[in-house]
4 protein chains.
Amino acid sequence: MPLPRSGPVRSEAARLSILEATAALIAERGYDHLTMEGIAARAGVGKQTIYRWWPSKGAVTAECLFEGMLVPGRFQLPHTGDVRRDLASWLGEIFGYLGSEQGESILRSLIGAAAENADVGRRLRDALFRADSLSARLTAAIGTTSNLPPDAPVEELAEALIGAVLLRALSREPVAPGDAERLLDAVLGR
Amino acid sequence: MPLPRSGPVRSEAARLSILEATAALIAERGYDHLTMEGIAARAGVGKQTIYRWWPSKGAVTAECLFEGMLVPGRFQLPHTGDVRRDLASWLGEIFGYLGSEQGESILRSLIGAAAENADVGRRLRDALFRADSLSARLTAAIGTTSNLPPDAPVEELAEALIGAVLLRALSREPVAPGDAERLLDAVLGR
Amino acid sequence: MPLPRSGPVRSEAARLSILEATAALIAERGYDHLTMEGIAARAGVGKQTIYRWWPSKGAVTAECLFEGMLVPGRFQLPHTGDVRRDLASWLGEIFGYLGSEQGESILRSLIGAAAENADVGRRLRDALFRADSLSARLTAAIGTTSNLPPDAPVEELAEALIGAVLLRALSREPVAPGDAERLLDAVLGR
Amino acid sequence: MPLPRSGPVRSEAARLSILEATAALIAERGYDHLTMEGIAARAGVGKQTIYRWWPSKGAVTAECLFEGMLVPGRFQLPHTGDVRRDLASWLGEIFGYLGSEQGESILRSLIGAAAENADVGRRLRDALFRADSLSARLTAAIGTTSNLPPDAPVEELAEALIGAVLLRALSREPVAPGDAERLLDAVLGR
DNA sequence: ATATAACCGAGACGGTACGTCACGTCTTCAC
DNA sequence: GTGAAGACGTGACGTACCGTCTCGGTTATAT
């Protein structure tokens with residue numbers, strides 16, 4: 001089923017088809033095993049159409065990530081007023097995703113992609129985990145709900161939280177029920 | 001210069017030559033770009049000799065890691081009695097390594113390798129960072145030097161520390177002087 | 001010096017380059033010793049370009065044969081009216097070719113190729129020795145010049161002549177001056 | 001089941017086992033596809049034991065041939081007094097062998113072996129088809145049963161007969177009932 | 001209204017690396 | 001000192017993808 005043609009302007013249909021094919025292939029077989037030819041075939045698109053707009057499969061992956069096609073957009077900090085509870089809920093959701101076989105595999109794939117492609121690395125940080133808003137929220141919480149001292153290194157706190165998630169994905173250790181809370185206790189104090 | 005033959009037993013010379021070639025190639029060009037043919041050529045060895053003993057380049061890399069050929073063995077916790085100071089010194093050394101272009105690249109390569117190979121992931125955790133002894137030391141430190149409560153989740157603390165290092169490597173952000181201390185402050189409190 | 005590209009249609013330049021390389025390599029080193037990689041390298045072509053169009057080196061060889069690149073097209077029956085003299089001249093030329101070291105080696109190579117590849121066998125018969133026209137001519141000669149009875153089994157006569165040539169090539173016995181005539185005498189009578 | 005050892009003299013058991021394995025493998029899969037490792041494994045013998053006594057698989061094949069393990073010894077000219085009838089019977093047997101799928105394949109294999117190995121070529125001629133005795137018999141028959149002139153080129157007659165058989169094997173054309181007789185008619189006259 | 005030019009699908013091309021097979025050499029050890 | 005076993009360096013196999021390059025066909029825009 002060939003895609004409809006749109007003349008000498010970039011075909012949005014082709015672009016979407018490529019991103020969807022990429023996301024599907026990563027979900028099915030992992031970032032390694034992802035090939036340009038596989039994407040083109042799955043998307044019903046010529047290889048040149050991919051190379052015209054992206055320099056590498058890492059770049060396509062990064063755009064997938066940015067479009068929210070790989071990791072659901074749900075990983076957003078809630079905003080109830082109780083920062084500690086918000087963080088717990090957010091981390092809980094992430095660990096839940098990590099607990100599913102699908103999620104663990106995709107996340108691991110993305111780590112691999114990030115390791116060899118700087119763009120993916122950046123996207124993985126801010127588009128996926130919204131690290132910025134995370135540290136902003138931590139800053140806002142100083143002196144309020146949790147036992148954060150006024151000059152707490154929030155940036156480092158955020159890195160520690162997210163880093164622990166990555167390490168968990170890398171090490172392939174299964175997620176246990178209370179893990180998210182324990183991590184929060186460890187980093188923020190009880 | 002062909003290696004000496006040793007008959008129907010495994011050639012230790014070939015094994016070492018392969019591991020050394022692998023370590024050198026990873027250090028020079030990164031884990032992606034590492035090829036079996038490249039290893040064989042550099043090691044002066046037939047490809048089959050590699051495939052006879054390792055199923056994949058990930059496995060070879062894991063053995064390199066285990067033999068301490070990729071990351072220096074220096075990342076060991078000192079043991080001065082002052083746990084906090086020991087941790088600071090250990091983290092400082094790691095961040096120092098991460099600060100060098102070489103070290104950052106190798107570490108990132110290994111993360112990529114870990115993402116696609118479970119064995120590498122495991123080795124990267126315990127052979128490299130001695131996570132076990134790390135949490136053991138944290139346990140020992142409870143109630144002593146630092147402000148760790150008696151039931152502190154040391155395992156999670158260790159994961160947060162190491163995870164932050166990995167995230168730093170992945171995100172390619174340069175290391176600044178006080179980073180190690182700030183991370184320690186963030187996770188262990190001041 | 002890369003060959004010119006011609007897009008998504010088969011490149012005639014590549015095809016010719018491959019056939020020429022094949023013919024040259026067979027002439028130089030024999031059919032055994034012929035390798036796909038050798039052909040590709042000599043032709044300045046990717047291996048896949050060979051495999052895309054031919055299933056085996058035997059098939060490439062068969063096409064060489066068909067294109068007249070391996071055995072000169074000169075082995076054609078003259079047509080003077082005197083069939084006996086025509087046959088003598090034709091056989092003489094073949095034995096002359098067989099007498100040269102080059103010719104003997106190539107012919108033997110082709111026999112080896114024919115033994116393991118049916119296509120080569122067929123080509124070797126009809127494209128090379130024009131067996132068809134040979135038996136047709138023999139049929140035409142019945143009752144005329146030679147002592148062929150009206151119902152002479154011309155097909156078998158042709159096979160005997162060509163077969164004797166093959167056997168000579170296989171057995172590596174040097175060709176002596178009067179051999180062609182003697183063979184003709186033996187098969188056709190004096 | 002390892003073969004019994006016999007100390008510092010050549011093991012006849014090993015030699016026979018190798019030849020039998022070779023003959024079986026050629027019969028099963030053809031001369032190309034025959035491998036030294038396959039022979040060794042099938043014979044329950046170390047590779048070195050083969051290389052110690054034969055320089056190539058062609059040589060092993062030649063010895064098989066010489067021992068009558070590949071082509072049945074039945075292809076011998078009968079000796080009834082009627083040379084024409086003897087030849088007819090002999091050729092008939094050969095064509096019968098050639099008519100079986102097994103026989104056609106083995107013979108073709110041997111031609112391939114002969115094409116790349118001089119020794120096999122020689123053996124194939126005299127050990128297999130007893131060409132010597134054939135031309136001797138033809139000589140003896142001069143002036144007797146058939147219409148051979150006194151100075152008939154018997155050597156060439158023999159070559160034509162055998163050559164026709166080889167060509168038939170090479171060209172993979174099925175054998176029809178009267179073929180042997182027709183060939184004899186063609187070459188010797190009616 | 002028509003040419004022009006960018007885009008599209010398809011896929012052939014010269015390459016690199018894959019993982020496997022077999023080669024012929026060599027070494028160990030049991031008999 | 002022969003023979004089974006099998007590791008070794010070498011080299012070819014046939015396959016998968018790479019990134020580049022036409023090709024023929026569409027279609028929006030600039031003449």
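Reminder, nothing fancy here: chain letters follow the sequence lines and each chain counts from 1.
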Checklist entry - Taking atom C1' of F:dA4 as reference, at what distance in whole Å does atom CD1 of D:I39 sit? => result 16 Å
Next on the checklist: Using whole Å, what does the distance between atom C1' of nucleotide E:dA5 and atom CZ of A:R52 come to?
Outcome noted: 12 Å
Next on the checklist: With a 4.0 Å limit, can you tell me whether B:T49 has a side-chain N or O closer than that to the phosphate oxygens OP1/OP2 of F:dA7?
Outcome noted: no
Item to check | Whether C:S109 side chain and C:Y31 backbone form a donor-acceptor pair below 3.5 Å | outcome: yes
Checklist entry - Can you check whether B:A43's main-chain N or O pairs, donor with acceptor, with B:S17's side chain at less than 3.5 Å? => result yes
Checklist entry - Rounded to the nearest Å, what distance is computed from the CZ atom of residue C:R10 to the C1' atom of nucleotide E:dA12? => result 11 Å
Checklist entry - Do the side chain of D:R108 and the main chain of C:A115 share a donor and acceptor less than 3.5 angstrom apart? => result yes
Item to check | Whole angstrom value for the distance that separates C1' of F:dA12 from CZ of C:R42 | outcome: 18 Å
Next on the checklist: Could you tell me how far apart C:I50 (CD1) and E:dC13 (P) are, to the nearest whole angstrom?
Outcome noted: 11 Å
Next on the checklist: Whether A:R10 engages the ring of A:W53 as a cation-pi pair (distance to the six-membered ring centre under 6.0 angstrom, angle to the ring normal within 45°) should be assessed.
Outcome noted: yes
Checklist entry - Does D:W53 put a side-chain nitrogen or oxygen below 4.0 Å from OP1 or OP2 of F:dG3? => result yes
Checklist entry - Looking only at side-chain N and O atoms, does B:S11 come under 4.0 Å of OP1 or OP2 in F:dA7? => result no
Item to check | Interatomic distance, D:W54 CH2 vs E:dG24 P [rounded to whole Å] | outcome: 15 Å
With 3.5 Å as the limit, what N/O pairs link the protein to nucleotides 17-19 of chain E?
| unit_1 | atom_1 | unit_2 | atom_2 | d |
| --- | --- | --- | --- | --- |
| E:dC18 | OP1 | B:M36 | N | 2.6 |
| E:dC18 | OP2 | B:M36 | N | 3.1 |
| E:dC18 | OP2 | B:E37 | N | 2.7 |
| E:dG19 | OP2 | B:Y51 | OH | 2.2 |
| E:dG19 | O5' | B:Y51 | OH | 3.3 |
| E:dG19 | N7 | B:K47 | NZ | 3.0 |
| E:dG19 | O6 | B:K47 | NZ | 2.7 |

Checklist entry - For the pair made of CD in C:Q48 and C1' in E:dG11, what is the distance, rounded to whole Å? => result 13 Å
Next on the checklist: Between C:K57 and C:L34 (side chain of the first, backbone of the second, donor and acceptor by atom type, cut-off under 3.5 Å), is there such a pair?
Outcome noted: yes
Item to check | Criterion salt bridge (Lys or Arg N to Asp or Glu O under 4.0 Å) on A:K47 and A:E37, from CA distance to verdict | outcome: CA-CA 7 Å; A:K47 279 198 288 178; A:E37 300 207 332; 2.8 Å; yes
Checklist entry - With respect to C:I39, which candidate in C:I26, C:T61, C:I18, C:L19 satisfies the side chain to side chain contact (heavy atoms under 4.5 Å, CB included) definition? => result C:I18
Checklist outcome for this item: Taken to the nearest whole Å, CD/C:E12 to P/F:dC23 is 15 Å
